[in-house]
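Everything below concerns the one structure shown next.
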Amino acid sequence: MSGVNEEPGRARGWAAGILRWLSLRLRLMLVFGLVALAAAVSASAIAYWLNRDAVLTRTQDAALDEFRKALKDDTDPLPARPTCPELQDAADRMADNTQKYEVLLVTRTREKGSCPAASAPDLFTMKAVPGVLRRAVDERRAAEGSRSAPYHLYWQRITLDGTPYLVGGAKVNGGGPTGYMLKSLDTERQDLNSLAWSLGIATALALVGSALLAQAAAATVLRPVQRLGEAANRLGEGHLDTRLQVSGSDELANLSHTFNRAAERLQKRVAELSAREASSRRFVADMSHELRTPLTAITAVSEVLEEEADSLDPMIAPAVQLVVSETRRLNDLVENLMEVTRFDAGTARLVLDDVDVADQVTACIDARAWLDAVELDAARGIVARLDPRRLDVILANLIGNALKHGGSPVRVSVIPEGPEDGDLLIKVRDHGPGIPEDVLPHVFDRFYKASASRPRSEGSGLGLSIAMENAHIHGGDISAANSPEGGAVFTLRLPMDASRLASIEKRKGEEPTAEEPTAEERTGDEGRTNEGGAS
């Protein structure tokens, strides 16, 4: 039983699978075609059977009625026991009829024998009469109601040598002969075949018409849907002023109205958010610029105080040291905020130069006095065309983050993946406890810190995000993972030549603004560590 029930399920699944691969237009045409085919075949079949029944009934009724009348009229003059010539003469007279049927008469003759008289002895003999029909004709029936005659007329359709015939028979009441008639139905068959061909052609034309109608209906339905899809794609690409032309008042028109209302609300919302974001960027940029002047003065004073720390009162020295460290931290935060603002505003630009990667890493480590804590695995002579300042910022953040939150020694490995047009890999690995799995997806988020219990630390929470932005502007990326041997591994991937990306940015026609750091600012940044606190 389970096998029987599984077959329809497989068929439905197979059909559903096919429909999923068809487009909506083909589905509509297929459904229209199936419905039209079913309707046309049903109508043609009904019309054929009705016409067939009507044609055959009319033909057999006319032939049987004439045969009944001729059997009575032509056999009544015969004696009770006619001779064979008399019986043959009666059969020939009956065969001369408008319905063109042949006649066979059978009765007892004077010679007390049987003498079948046929109008066409080569075609119509007793062998052509079915036994069931002979027995029905010869059977005497009791009178019932209005049927007082003991014998009745019976008929049957047969096929002889591939030709359909109507065979009818009756015994003359009162002891007369038994007569049979044989009428060819070949003309009716030809007429019915012509009708079948006509209905088949009509079905084919209906199927073609349904396909054209399905195409028109599909175009009517799918054209607005296609326009809606194109509008949604434009909206997704950022063209928030996209709107649909609405005509009519059907469901598709309502859908277009809904799309237009949603697009309008989205445009207003995006405009509001863009205005707020621009305002926030301006605020951060202005605040950072405004803070630089007092910070410069405070930094100068703090450096003087730091130089005089040995001569200060021991009770005051810790406070002076705190002011110096916090001033430096605030200065780093302001610089980081200005850098982030440049990235958000899209004004950050690459200043490319040919860089020996090993020398660059060594210079970064040496400038921050990390030589004793960092192991370098880099071959000399690996030259890449990059922005040296931004590469230094990336390395300083990654190595500083590993030293602060990981564990010594920190190992930096430089791996060229194809010097011609491949990528450059720089891996920074520490020997600390690693990064918790729930923290890994957020290590490059701005202001994110792994420990919520230490919201205030030496890092600003911007270092790793700035490193990521600097990698992106080169056309590269940074990934973070945990090493199977322990510790965290940050992998920097950069192109060996960032000239193509720089030329694309140049073709955009965006001029650098006053927020881009000057040469003096770039030189001053090289001695600073933009550390993050994510690892």
Side-chain angles (χ1 to χ4, degrees), residues 339-340 342-343 346 348-365 370 374-403 405-406 410-432 434-435 437 439-446 448 462-485 487-505 529-532 534-535:
E339 188 76 3
V340 169
R342 295 186 192 103
F343 285 120
R349 291 290 180 271
L350 292 175
V351 181
L352 299 179
D353 196 1
D354 291 332
V355 176
D356 188 305
V357 180
D359 291 344
Q360 183 72 26
V361 177
T362 302
C364 174
I365 297 172
W370 291 339
V374 178
E375 298 176 354
L376 178 59
D377 180 14
R380 302 291 176 178
I382 301 176
V383 179
R385 187 160 184 79
L386 303 169
D387 188 327
R389 184 190 73 86
R390 296 190 183 279
L391 178 58
D392 181 79
V393 171
I394 298 173
L395 294 172
N397 278 287
L398 294 181
I399 299 173
N401 185 79
L403 289 171
H405 302 285
V410 172
R411 186 175 184 83
V412 180
S413 304
V414 179
I415 308 170
E417 286 193 344
E420 294 182 0
D421 49 11
D423 289 339
L424 172 71
L425 293 183
I426 301 177
K427 293 188 177 182
V428 179
R429 179 193 170 191
D430 61 50
H431 288 77
I435 306 173
E437 294 297 329
V439 175
L440 273 175
H442 306 286
V443 292
F444 298 104
D445 293 350
R446 294 178 182 177
Y448 183 82
L462 290 173
L464 291 180
S465 65
I466 290 176
M468 178 66 82
E469 294 290 350
N470 279 297
H472 285 169
I473 200 173
H474 280 90
D477 195 11
I478 306 175
S479 61
N482 288 315
S483 174
E485 292 81 10
V489 180
F490 285 82
T491 303
L492 169 64
R493 182 184 295 271
L494 294 176
M496 294 295 292
D497 187 355
S499 300
R500 188 178 65 86
L501 186 64
S503 62
I504 293 175
E505 292 294 331
T529 303
N530 295 321
E531 298 178 16
S535 179

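Since this is a predicted model, take the numbers as computed values, not measurements.
The side-chain heavy atoms of L391 and N470, taken from C-beta on, include no pair separated by under 4.5 Å. Looking at P495 and L424, their side chains never come closer than 4.5 Å, going by heavy atoms from C-beta outward. Between F490 and I426 there is no side-chain heavy-atom pair separated by less than 4.5 Å. Counting heavy atoms from C-beta outward, L464 and L398 have side chains that approach closer than 4.5 Å. At least one side-chain heavy atom of E437 sits under 4.5 Å from a side-chain heavy atom of N482. Looking at heavy atoms from C-beta onward, L403 lies in side-chain contact with V374 at the 4.5 angstrom threshold. Side-chain contact check for L425 versus L492: every heavy-atom pair is 4.5 Å or farther apart.
Judged purely by atom type and a 3.5 angstrom limit, D430 has no side-chain atom pairing as donor or acceptor with the backbone of G487. In this structure, H474 contributes its side chain and L386 its backbone to no donor-acceptor pair below 3.5 Å. With hydrogens and angles ignored, the 3.5 Å screen pairs a side-chain donor or acceptor of D356 with a backbone N or O of G381.
The shortest non-hydrogen separation linking V383 to M496 is O-CE, 3.5 Å. When all heavy atoms of G476 and L494 are compared, the pair lying nearest together is CA-CD2, 4.3 Å. Across I435 and A480, no two heavy atoms sit closer than the pair CD1-CB, 4.5 Å. In terms of heavy atoms, A378 sits closest to V414 at CB-CG2, 3.5 Å. Contact between E485 and S483 at its shortest, heavy atoms only, is OE1-OG, 2.8 Å.
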For this session: Before giving the answer on side-chain contact (heavy atoms from CB on, under 4.5 Å), spell out for K427 and D377 the whole-Å C-alpha distance, their side-chain angles and the decisive distance to 0.1 Å.
Result: CA-CA 10 Å; K427 293 188 177 182; D377 180 14; over 6 Å; no
For this session: Dump the intermediate steps for side-chain contact (heavy atoms from CB on, under 4.5 Å) on V412 and E375, then the final yes or no.
Result: CA-CA 6 Å; V412 180; E375 298 176 354; over 6 Å; no
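Taken to the nearest 0.5 Å, the CD1 atom of I399 stands 13.0 Å off from the CZ atom of R411. One finds the CD atom of E469 at 10.0 Å from the CD1 atom of I478 (value rounded to the nearest 0.5 Å). With values rounded to the nearest 0.5 angstrom, S465 atom OG is found 8.5 Å from D445 atom CG.
Scanning for side chain to side chain donor-acceptor pair (under 3.5 Å) contacts around R429 gives an empty result, with sequence neighbours left out. Shown here are the side chain to side chain donor-acceptor pair (under 3.5 Å) partners of S479, two or more places apart in sequence or in another chain: there are none.
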Please list, one pair per line, the donor and acceptor atoms closer than 3.5 Å that link side chains of residues 358-365 to other protein atoms, with sequence neighbours excluded.
unit_1: D359; atom_1: OD1; unit_2: R380; atom_2: NH1; d: 2.4
unit_1: Q360; atom_1: NE2; unit_2: P388; atom_2: O; d: 3.2
unit_1: T362; atom_1: OG1; unit_2: A358; atom_2: O; d: 2.8

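With R390 as reference, I473 is the one residue of L395, I466, I473, V351 to meet the side-chain contact (heavy atoms from CB on, under 4.5 Å) rule.
Salt bridge status for R493 with D423: present, with a side-chain N to carboxylate O gap under 4.0 Å.
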